There are 2 protein chains.
Amino acid sequence: MDKSSELEQVKKCCGHFILAVNDTLNVINGKWKLPIISSLIYGKKRFKELERDIAKITPRMLSKELKELELNGIVKRTVYDTIPVKVEYELTSSGKSLKKVLEVMVEWGLEHRENIIGK
Amino acid sequence: MDKSSELEQVKKCCGHFILAVNDTLNVINGKWKLPIISSLIYGKKRFKELERDIAKITPRMLSKELKELELNGIVKRTVYDTIPVKVEYELTSSGKSLKKVLEVMVEWGLEHRENIIGK
DNA sequence: AATACTAGTATACTTTTGTATAGCATGTGA
DNA sequence: TCACATGCTATACAAAAGTATACTAGTATT
């Protein structure tokens with residue numbers, strides 16, 4: 001079965017649809033993963049740059065979430081052998097492919113901002 | 001400023017992009033909200049139907065999450081004055097508009113399934 | 001010498017999320 | 001009458017997520 005027909009099959013069945021959603025959810029779940037990925041869409045970043053970009057995140061959370069994202073193959077960590085050491089984080093190809101997901105979320109967020117605030 | 005140029009503006013700025021992502025994230029965050037919404041994409045459902053559709057969810061969690069989704073204007077709850085009472089849950093127009101978000105997540109999930117499992 | 005930057009870790013804590021189990025009020029079918 | 005379905009709520013607890021604060025080691029700046 002090819003990609004597009006697999007997609008069509010899944011869309012027909014609620015149970016399969018939920019499973020596929022969960023596959024994605026397991027990777028991006030939590031308060032901080034999407035903000036981190038969002039920031040990295042704009043290019044490689046160092047630890048402190050991410051910390052400044054993402055309001056209210058603590059170094060503990062940033063460190064923990066970056067490790068999980070690395071484990072899931074979303075983020076690549078590179079240590080440069082300079083003095084002092086420089087560490088850079090960037091999206092892998094899997095990570096970059098999440099951009100589509102992020103963009104539709106941004107569109108939805110903009111459309112429903114007033115709706116959400118006025119609750 | 002119109003919709004599409006607002007979107008273009010936001011995409012240019014990492015900070016604004018993160019804010020818009022967070023607006024969406026606040027509504028769909030957690031382990032169960034997307035599965036519930038996914039299930040309701042396939043039509044109105046009763047409490048027990050949702051419980052059966054969504055593997056491993058407990059009635060406590062289902063009840064709690066449905067209330068939050070109702071508060072956020074994603075789900076509408078209707079009680080029918082029959083004997084015995086019948087309660088139905090369905091997506092509002094805001095809820096239905098999340099379908100796009102869900103569908104790109106399904107696509108990503110399918111594409112990256114092996115990648116995720118083979119970690 | 002004092003201060004600040006980088007890239008984090010350590011400790012302790014609170015809050016949220018989730019699980020397990022039971023129960024209730026109502027009604028239906030065998 | 002007994003078990004079962006519906007639509008939940010109650011209680012107790014465990015685990016995960018998140019927060020707050022302090023700290024380290026190395027280097028550079030003032």
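A note on names: the letters A, B, ... follow the listed sequences, proteins ahead of strands, and every chain is numbered from 1. Remember, predicted model here, so these are calculated numbers, not experimental data.
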*Nearest-Å distance, CE (M61(B)) to P (dT9(D))?*
12 Å

_I36(A) CD1 - dG18(D) P separation (whole Å)_ = 10 Å

*asked:* Taking the basic N atoms (NZ, or NE/NH1/NH2) and the acidic carboxylate oxygens, is any pair closer than 4.0 Å for E49(B) and R52(B)?
replied: no

*Taking NZ, NE, NH1 and NH2 as the nitrogens, is one of them in E88(A) or R46(A) under 4.0 Å from a carboxylate oxygen of the other?*
no

*Please say whether the positively charged group of K86(B), taken as NZ for Lys or CZ for Arg, lies over the ring of Y80(B), i.e. under 6.0 angstrom from the six-membered ring centre and within 45 degrees of the axis.*
yes

*asked:* With a 3.5 Å distance limit and no angle check, can you tell me whether T24(A) reaches the backbone of G109(B) through a side-chain donor-acceptor pair?
replied: yes

*side-chain N/O S63(A) vs dT9(C) OP1/OP2, d < 4.0 Å*: yes

*Angle by which the axis turns from one end of the helix from dA1(C)-dT30(D) to dA30(C)-dT1(D) to the other, five pairs per end, to 10 degrees*: 0°

*Determine the sole option in H112(B), E111(B), E107(B) for which the side-chain hydrogen bond (donor to acceptor under 3.5 Å, both in side chains) test with S97(A) is passed.*
H112(B)

*To the nearest angstrom, how far is I57(A) atom CD1 from dG18(D) atom P?*
9 Å

_What's the separation between atom CD in E51(A) and atom CE in M61(A), rounded to the nearest 0.5 Å?_
13.0 Å

*asked:* I'd like to know if E103(B) pairs up with K11(A) as an ion pair, taking the criterion as any Lys NZ or Arg NE/NH1/NH2 lying under 4.0 Å from an Asp or Glu carboxylate oxygen.
replied: yes

*I83(B) near the nucleic acid: base, sugar-phosphate alone, or nothing, with a heavy-atom cut-off under 4.0 Å?*
sugar-phosphate

*Check: S94(A) side chain, I74(A) main-chain N or O, donor-acceptor pair, under 3.5 Å*: no

_Length of the line joining E65(A):CD and dG8(C):P, which is rounded to integer Å_ = 15 Å

*Ignoring backbone atoms, establish whether Y80(B) has a side-chain N or O less than 4.0 Å from OP1 or OP2 of dG7(D).*
no

_Below the 4.0 Å mark, does dT9(D) have OP1 or OP2 next to a side-chain nitrogen or oxygen of K67(B)?_
yes

*What is the distance, rounded to the nearest whole Å, between atom OH of Y89(B) and atom C1' of dT6(D)?*
11 Å

*Parallel, tilted or perpendicular: rings of Y42(A) and F17(B) (30°, 60°)*: perpendicular

*Please report, rounded to the nearest Å, how far the P atom of dG7(D) is from the CD atom of E70(B).*
15 Å

*Hey, is the main chain of P59(B) close enough, under 3.5 Å, to the side chain of S63(B) for a donor-acceptor pair?*
no

*Step-by-step side chain to side chain contact (heavy atoms under 4.5 Å, CB included) determination, R113(A) to L19(B)*: CA-CA 10 Å; R113(A) 183 163 233 152; L19(B) 285 176; 3.9 Å; yes

*Distance below 4.0 Å between W32(B) side-chain N/O and dT16(C) OP1 or OP2*: no

*Atom-pair distance (CG on N29(B); P on dT15(C)), nearest Å*: 18 Å

*Send over the distance from E68(A) CD to dA16(D) C1', rounded to a whole Å.*
10 Å

Polar pairs (N or O, both sides) under 3.5 Å between protein and nucleotides 10-12 of chain C?
residue : atom : partner : partner atom : Å
dT11(C) : O4   : R60(A)  : NE           : 3.1
dA12(C) : N6   : R60(A)  : NH2          : 3.4

*Do E70(B) side-chain atoms and K67(B) backbone N/O form a donor-acceptor pair below 3.5 Å?*
no

Under 3.5 Å between N/O atoms: give me all the protein pairs with nucleotides 4-6 of chain C, atom names plus distance.
residue : atom : partner : partner atom : Å
dT6(C)  : OP2  : R52(A)  : NH1          : 3.4
dT6(C)  : O3'  : R46(A)  : NH2          : 2.9

*Between dA16(D) and K31(B), is there an OP1 or OP2 to side-chain N/O distance shorter than 4.0 Å?*
no

